[in-house]
Student: 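The following block contains the structure, expressed as structure tokens.
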2 protein chains.
Amino acid sequence: MKSLQIETASLTYPIFIGEGIRKNAVELLSSLNLPMTKILLITDDEVDKHYGEELFNLLHSHWSVKKVTVPSGEQAKSIDMFMKLQTEAIQFHLDRSSCMIALGGGVIGDLAGFVAATFMRGIDYLQFPTTLLAHDSAVGGKVAINHQLGKNLVGAFHQPKAVIYDTGCLATLPDKEMRSGLAEVIKHAFIHDEAFLKDLFTIDSIVKITTEQLNDMIYKGVSIKAAIVSQDEREEGIRAYLNFGHTLGHAVEAEYGYGEMTHGDAVALGMQFALFVSEQVLNCPLDRKHIKNWLKKLGFPVKLKREVSTESLVNRMMSDKKTRGGIIQFVLLDQIGSVSLHSFKAEEIERWLNVWRMEEIE
Amino acid sequence: MKSLQIETASLTYPIFIGEGIRKNAVELLSSLNLPMTKILLITDDEVDKHYGEELFNLLHSHWSVKKVTVPSGEQAKSIDMFMKLQTEAIQFHLDRSSCMIALGGGVIGDLAGFVAATFMRGIDYLQFPTTLLAHDSAVGGKVAINHQLGKNLVGAFHQPKAVIYDTGCLATLPDKEMRSGLAEVIKHAFIHDEAFLKDLFTIDSIVKITTEQLNDMIYKGVSIKAAIVSQDEREEGIRAYLNFGHTLGHAVEAEYGYGEMTHGDAVALGMQFALFVSEQVLNCPLDRKHIKNWLKKLGFPVKLKREVSTESLVNRMMSDKKTRGGIIQFVLLDQIGSVSLHSFKAEEIERWLNVWRMEEIE
């Protein structure tokens with residue numbers, strides 16, 4: 001088992017990474033010295049099938065626990081599900097010294113984290129991530145639910161007290177979800193670590209990724225994210241770098257309809273567009289053809305479907321949380337491993353998006 | 001105009017108090033140097049009739065503002081109204097550098113404050129209180145909405161960037177609301193300032209309170225609350241003292257049904273019970289008969305109505321946010337001006353409540 005200490009302005013907490021460590025839940029949780037008068041264990045019905053009962057039984061032998069499941073998928077990040085969990089917490093008599101545990105991927109972490117952030121104005125929570133994508137969401141304390149007009153628009157900053165990352169749980173992850181998580185790993189490499197990106201280039205198939213590679217990816221991905229978040233917890237500065245690929249990515253995800261395209265696939269498209277803009281604006285030396293072919297081989301989309309209009313994507317970007325005063329914030333690559341933040345008017349982005357969509361670099 | 005600086009661990013902000021200062025809104029807001037790319041002005045339909053257009057027009061001359069009104073009364077602190085305001089904020093294209101302004105009493109401050117705390121994970125907000133009760137809620141950064149199972153159960157800590165308290169707005173306040181606010185003023189005197197309490201004893205009618213007395217009450221009440229909150233922003237210690245009269249008060253308010261009894265009337269009952277328990281447990285020397293008669297003269301309730309069962313009140317107290325591990329926290333008076341925190345089992349509270357309800361000290 002490896003462990004990492006995440007430092008933010010408001011809290012320092014550990015991330016434990018290792019295969020099979022969920023079985024040590026009682027020891028790991030006890031070591032944190034939290035009051036835990038009660039525990040609300042929150043998971044989704046897919047994850048529940050594999051790991052729900054096992055973790056519930058472990059915790060139940062030491063603490064007063066209730067398990068609640070929500071439907072799997074992005075639609076669980078709704079205001080209705082948020083209130084349902086608040087009701088469960090009240091009815092199970094959680095108090096301010098109680099704790100919520102998120103067992104699942106990013107959706108469960110975001111949802112349970114936001115419930116914990118607001119239940120009685122904030123109680124402790126812990127994460128047990130079960131996806132590769134969660135290596136990203138489990139660090140940094142961003143929690144939120146979706147509004148029908150946009151993703152993650154209602155939320156808070158609420159750091160977990162610990163993250164217990166059992167990479168053994170990734171064995172049951174569908175390829176599509178593994179690829180979705182890989183996109184954020186690739187993003188972390190792009191913005192911060194050229195050598196790591198070169199390692200990733202050697203992967204040519206999702207199914208061939210080994211547990212050892214997974215452990216390494218998670219450790220490096222988490223480290224990069226933690227280094228950035230520790231300097232800027234509330235996204236007032238360099239934390240925005242993590243948004244590489246996400247300005248278009250979020251718009252694509254919303255425009256296709258949540259669940260139609262995974263977060264990672266949308267981010268993969270967003271990164272390709274960001275690379276294109278970086279080349280145009282900063283003359284960043286990139287072999288985009290090679291990158292595109294590699295992403296395609298891994299199963300990522302490499303172009304937007306025709307039915308989605310450029311105009312609607314730009315409108316989505318205009319209502320993005322990072323957009324201020326009508327100016328769209330865009331993270332561009334100066335070179336691999338180094339990024340900077342740039343501001344563009346909607347018309348500029350629209351023009352580039354049209355050019356990029358016409359481009360053929362197969 | 002007087003001003004006070006509120007210091008908390010997370011933020012320091014000013015409270016301006018004075019008659020007619022709402023008319024200087026532009027100068028006061030400009031002095032804060034906030035980005036304010038847009039302003040969402042949130043008020044209720046009663047307050048709107050008196051001050052909504054006036055403030056909107058003032059702000060509109062300098063900033064991009066949208067005014068949104070919600071129904072007046074406690075029922076506005078609902079999840080539906082919360083989401084309606086989130087939708088308004090998104091549709092008016094507020095961004096992270098925008099600001100929400102709460103024009104109204106505690107309900108509007110709590111609701112708008114919680115929307116601001118969670119919109120895009122937290123943006124600036126300002127308060128323009130229009131009630132006496134708001135002198136309490138405008139200090140300390142507690143914001144929340146109600147759950148059908150309890151008051152203020154879903155919320156956050158989010159400090160305003162400034163509070164602009166125009167005591168002239170209190171002229172249009174109904175007597176019932178003035179009395180509700182007076183209860184919190186009395187509470188602040190009880191827990192921290194015997195001389196102030198003696199001043200208050202000289203008031204024998206709500207309608208005879210002068211603007212000068214109001215200015216003084218607000219200044220002293222705010223000062224006491226600020227002194228406590230500055231030492232304990234997140235209610236981990238002495239901030240709990242502010243809960244004097246509230247353990248039973250919240251239960252009464254919920255059991256009667258929100259809106260049936262004002263917050264202040266419920267707190268007045270709660271304080272009388274807390275004085276009774278203080279006498280029993282700490283032998284605190286109190287002329288409860290005098291206090292009861294004074295409260296009665298001011299129009300406060302002095303006994304619980306028979307239909308409300310002691311058992312249901314105790315059950316409500318058991319699910320209070322301050323209750324931890326099944327133990328009810330109670331703030332008791334050691335002497336006037338000095339309080340301490342005590343823990344009781346539900347059965348003890350139930351027994352005292354029954355004795356107190358039987359008591360006749362007219």
Side-chain angles (χ1 to χ4, degrees), chain A residues 9-10 35-38 64 78-80 82-83 85-98 114-115 117-123 140-150 152-158 234-236 240 315 318-329, chain B residues 9-10 35-38 64 78-80 82-83 85-98 114-115 117-123 140-150 152-158 234-236 240 315 318-329:
Chain A
S10 65
M36 298 210 288
T37 51
K38 299 225 172 188
S64 171
S78 67
I79 192 73
D80 291 344
F82 170 79
M83 282 306 271
L85 293 174
Q86 296 281 359
T87 306
E88 294 280 1
I90 298 165
Q91 288 177 338
F92 190 51
H93 294 291
L94 262 73
D95 59 41
R96 287 186 172 170
S97 302
S98 300
F114 188 48
V115 174
T118 54
F119 176 72
M120 295 190 175
R121 298 198 184 88
I123 66 168
K142 279 193 181 183
V143 294
I145 54 172
N146 299 329
H147 187 285
Q148 65 191 52
L149 297 176
N152 294 329
L153 286 180
V154 180
F157 288 92
H158 192 57
R234 299 190 68 98
E235 199 159 10
E236 284 146 0
N315 281 338
M318 284 296 285
S319 46
D320 190 279
K321 287 192 293 301
K322 277 90 182 175
T323 298
R324 296 188 196 203
I327 298 295
I328 299 173
Q329 302 286 318
Chain B
S10 66
M36 299 209 288
T37 50
K38 297 224 174 187
S64 170
S78 67
I79 192 73
D80 291 345
F82 169 80
M83 282 306 271
L85 292 174
Q86 296 281 0
T87 306
E88 294 280 1
I90 299 165
Q91 288 177 338
F92 190 52
H93 295 291
L94 261 74
D95 59 43
R96 287 183 170 171
S97 301
S98 300
F114 188 48
V115 174
T118 53
F119 176 72
M120 294 189 178
R121 298 197 183 88
I123 65 167
K142 279 191 179 183
V143 294
I145 55 173
N146 299 328
H147 187 283
Q148 65 191 53
L149 298 175
N152 294 329
L153 286 179
V154 181
F157 288 92
H158 191 57
R234 298 191 67 99
E235 198 158 13
E236 283 146 2
N315 281 339
M318 285 295 285
S319 47
D320 190 280
K321 286 192 295 296
K322 277 91 183 174
T323 298
R324 297 187 194 205
I327 298 295
I328 299 174
Q329 303 285 319

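Just so we're on the same page: letters track the sequence lines, and every chain starts at 1. Bear in mind the structure is a predicted one, so any value in this text is a computation, not a measurement.
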Student: Would you say that R121(B) contacts V143(A) through its side chain, given a criterion of any heavy-atom pair below 4.5 Å between the two side chains?
Tutor: no
Student: Less than 4.5 Å apart, side chain to side chain, heavy atoms only: is that true for I90(B) and H147(A)?
Tutor: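 They are in contact (side-chain heavy atoms under 4.5 Å apart), so the answer is yes.
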Student: Which heavy atom of Q86(B) sits nearest a heavy atom of L153(A), and at what distance?
Tutor: OE1-O, 4.4 Å
Student: Distance from F114(B) atom CZ to T118(A) atom OG1, nearest 0.5 Å?
Tutor: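 If we round to the nearest 0.5 Å, F114(B):CZ and T118(A):OG1 are 5.0 Å apart.
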Student: Output all residues satisfying side-chain contact (heavy atoms from CB on, under 4.5 Å) with S97(B), sequence neighbours left out; order by chain, then residue number.
Tutor: R324(A), P35(B), T37(B), D95(B)
Student: Which one of A89(A), A156(A), A144(A) has the most heavy-atom pairs closer than 4.5 Å to chain B?
Tutor: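 Most heavy-atom pairs under 4.5 Å with chain B: A156(A).
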Student: Measuring from atom CE of M83(A) to atom CD of Q148(B), what distance do you get when rounded to the nearest 0.5 angstrom?
Tutor: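 Atom-to-atom, M83(A):CE and Q148(B):CD are 7.5 Å apart.
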Student: Using non-hydrogen atoms and a 4.5 Å limit, figure out which bit of T87(B) sits close to chain A: side chain, backbone, both or neither.
Tutor: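 Answer is both: backbone and side chain atoms of T87(B) are under 4.5 Å from chain A.
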Student: For F119(A), check ring pair (Phe, Tyr, Trp, His ring centres under 6.0 Å) against everything at least two apart and list the hits.
Tutor: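 Expected list: none.
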